[in-house]
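Inspection log for the structure reproduced underneath, given as structure tokens.
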Protein chains: 2
Amino acid sequence: MKMSSGVEWALHSCVTLSQVREPLPAARLAELHGTPPAYLAKQLQALSRAGIVSSTAGSVGGYTLTRPASEITALSVVQAVDGDAPAYRCTEIRQRGPLGVALESCARPCAIARAMAAAQEAWSGFLAQITIADLAAGIDADSGGTAMADVRRWLTTA
Amino acid sequence: MKMSSGVEWALHSCVTLSQVREPLPAARLAELHGTPPAYLAKQLQALSRAGIVSSTAGSVGGYTLTRPASEITALSVVQAVDGDAPAYRCTEIRQRGPLGVALESCARPCAIARAMAAAQEAWSGFLAQITIADLAAGIDADSGGTAMADVRRWLTTA
DNA sequence: GCCTCATTACTCGGATACCGAGTGTCCGAGTCGCTCCGG
DNA sequence: CCGGAGCGACTCGGACACTCGGTATCCGAGTAATGAGGC
């Protein structure tokens, strides 16, 4: 089970975007995070399609959060980049083989699929309670309260 | 985020193995589940390496559970087949770019990695409380109490 | 002085190569059961 | 009749191709700021 590496960049980018009000170009975000600009842009496009960020074209365009950071959950960002399909996909092997049960007898998912779905629910439920604002606060606290201020300064000056 | 499709076969195979005491060849399990025999064998080898099943060579050989089904968690099966690496891999992008923090300042994982790790913990903790015996009981209950008996009958006669 | 418009530079967005992991398969090494032979 | 050795068939295990999604990149379409020109 492997998550797309773009998820990490998307989360960090959302945290960064939460620190400024003006639009930020993808190239600027890539420079700050030291990531390939073109590929980071791909992730930002996914966030745009999901309605998490809005894009502005033109001279001083870029990406902006559509909502306050406290209203954007980590789950929505992960699902926007990595897809919302569950990790475990039941292929209904209970219907195959010599003892396969008939389709009409499969009113609800089999017990294994139910268990895996419940585990996924525990995972997504946890991420749904974490917001971008929480993550930003956590990063700031780790740095002693200087990280977010440094980011704001760098974004506005450089 | 996508899990290996072999996980489903491995879980079903463990449930099936829990119904008999004698060794079951991979080919028999593949026939019962309608899966490619060679590929299912690959998953069973992974279970063998993890110590979940024991393999017996020779004429009436096959695979057997090493422990009672009630002592085998779904998590261990999933990790045996799919690997125990966490889905989210922090590449420490906080150390990169113009505002990268020094390595010695990174005593503990960054807030984002901590959140993702905690979510994974919720997921694995859930699966750790589910055993193969629970799954077998669930499948049996769905069928009205006939499924496991049918499996035992088919395995011993055919 | 102010409005309008063409220019220009900058942005996003989708379409396009490349690569590694997962998927699927095969054949060889090893082992157990069976049979035959000798005592 | 019993024990042991040889044989055969069956099993697992790792090594070998193939495909698809993820990774990385580029260039074209579109847009907003900007400056010049005219009223």
Side-chain angles (χ1 to χ4, degrees), chain A residues 1-10 13 17 22-31 33-66 78-89 91 93, chain B residues 1-10 13 17 20 22-31 33-66 78-85 87-89 91 93:
Chain A
M1 190 174 55
K2 190 164 64 77
M3 189 176 299
S4 168
S5 66
V7 171
E8 182 181 10
W9 306 346
S13 294
L17 286 173
E22 65 220 50
L24 276 182
R28 181 65 55 90
L29 283 168
E31 183 187 1
H33 295 113
T35 60
Y39 193 34
L40 177 62
K42 194 180 183 66
Q43 317 302 337
L44 291 170
Q45 287 168 25
L47 293 178
S48 176
R49 272 191 292 269
I52 297 174
V53 303
S54 69
S55 62
T56 309
S59 196
V60 293
Y63 291 97
T64 315
L65 294 182
T66 58
V78 171
Q79 286 185 337
V81 173
D82 205 54
D84 58 352
Y88 179 87
R89 294 150 294 159
T91 60
I93 71 176
Chain B
M1 190 173 56
K2 188 164 65 77
M3 189 176 299
S4 168
S5 66
V7 171
E8 182 181 11
W9 306 346
S13 294
L17 286 174
V20 293
E22 64 218 51
L24 276 182
R28 183 63 57 90
L29 282 168
E31 183 187 0
H33 295 112
T35 60
Y39 194 35
L40 178 62
K42 195 182 184 67
Q43 318 302 336
L44 292 170
Q45 288 167 25
L47 293 178
S48 176
R49 273 191 292 269
I52 296 174
V53 303
S54 69
S55 62
T56 309
S59 195
V60 293
Y63 291 96
T64 315
L65 294 182
T66 58
V78 171
Q79 287 184 337
V81 174
D82 206 54
D84 58 352
Y88 179 86
R89 293 149 296 158
T91 60
I93 71 176

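Reminder, nothing fancy here: chain letters follow the sequence lines and each chain counts from 1. Only this structure's heavy atoms are used, side chains among them; waters, hydrogens and symmetry mates stay out.
Here the straight-line distance linking atom CG of Leu40(A) with atom OG of Ser13(A) works out to 4.5 Å at 0.5 Å rounding. Distance check, rounded to the nearest 0.5 Å: CG of Leu29(A) to CD of Gln43(A) gives 12.5 Å.
On the nucleic acid side, DNA chain D contacts chain A at distances under 4.0 Å to non-hydrogen atoms, with the end points of that region at dT23(D) to dA33(D).
Regarding Arg89(B), its CZ atom lies at a distance of 12 Å from the C1' atom of dG20(C), rounded to whole Å.
With sequence neighbours left out, the side chain to side chain contact (heavy atoms under 4.5 Å, CB included) criterion links Ala38(A) to no other residue. Evaluation of the side chain to side chain contact (heavy atoms under 4.5 Å, CB included) rule for Ser59(B) yields no partner, not counting sequence neighbours. Remark: Thr91(B) engages Glu8(A) in a side-chain hydrogen bond (donor to acceptor under 3.5 Å, both in side chains) (not counting sequence neighbours). In this structure, the side chain to side chain contact (heavy atoms under 4.5 Å, CB included) partners of Ala87(B), at least two apart in sequence or on a different chain, are Met1(A), Met3(A), Met1(B), Gln120(B). For Pro37(A), the side chain to side chain contact (heavy atoms under 4.5 Å, CB included) criterion is met by Ala30(A), not counting sequence neighbours.
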Side chain to side chain contact (heavy atoms under 4.5 Å, CB included) between Thr64(B) and Leu17(B), intermediate numbers included: CA-CA 6 Å; Thr64(B) 315; Leu17(B) 286 174; 6.0 Å; no
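Pairs passing the ring-ring contact (aromatic ring centres under 6.0 Å, His included) check and including a residue from residues 38-62 of chain B, sequence neighbours excluded, read Trp9(B)-Tyr39(B). Sorted by first and then second residue, the ring-ring contact (aromatic ring centres under 6.0 Å, His included) pairs with a member in residues 42-64 of chain B form an empty list; sequence neighbours excluded.
Remark: side-chain polar atoms of Ser48(B) are not paired, donor with acceptor, to backbone N or O of Ser54(B) under 3.5 angstrom. Put simply, the side chain of Asp82(A) gets close to the backbone of Ser4(A): a donor and an acceptor are under 3.5 Å apart.
Against DNA chain C, the stretch residues 48-55 of chain B makes no heavy-atom approach under 4.0 Å. Annotation: proximity of residues 37-45 of chain A to DNA chain D (heavy atom, distance under 4.0 Å) is found for Ala38(A), Tyr39(A), Lys42(A), numbered in ascending order.
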Under 3.5 Å between N/O atoms: give me all the protein pairs with nucleotides 8-11 of chain C, atom names plus distance.
from	atom 1	to	atom 2	distance (Å)
dC10(C)	O3'	Ser59(A)	O	3.4
dT11(C)	O4'	Gly58(A)	O	2.8

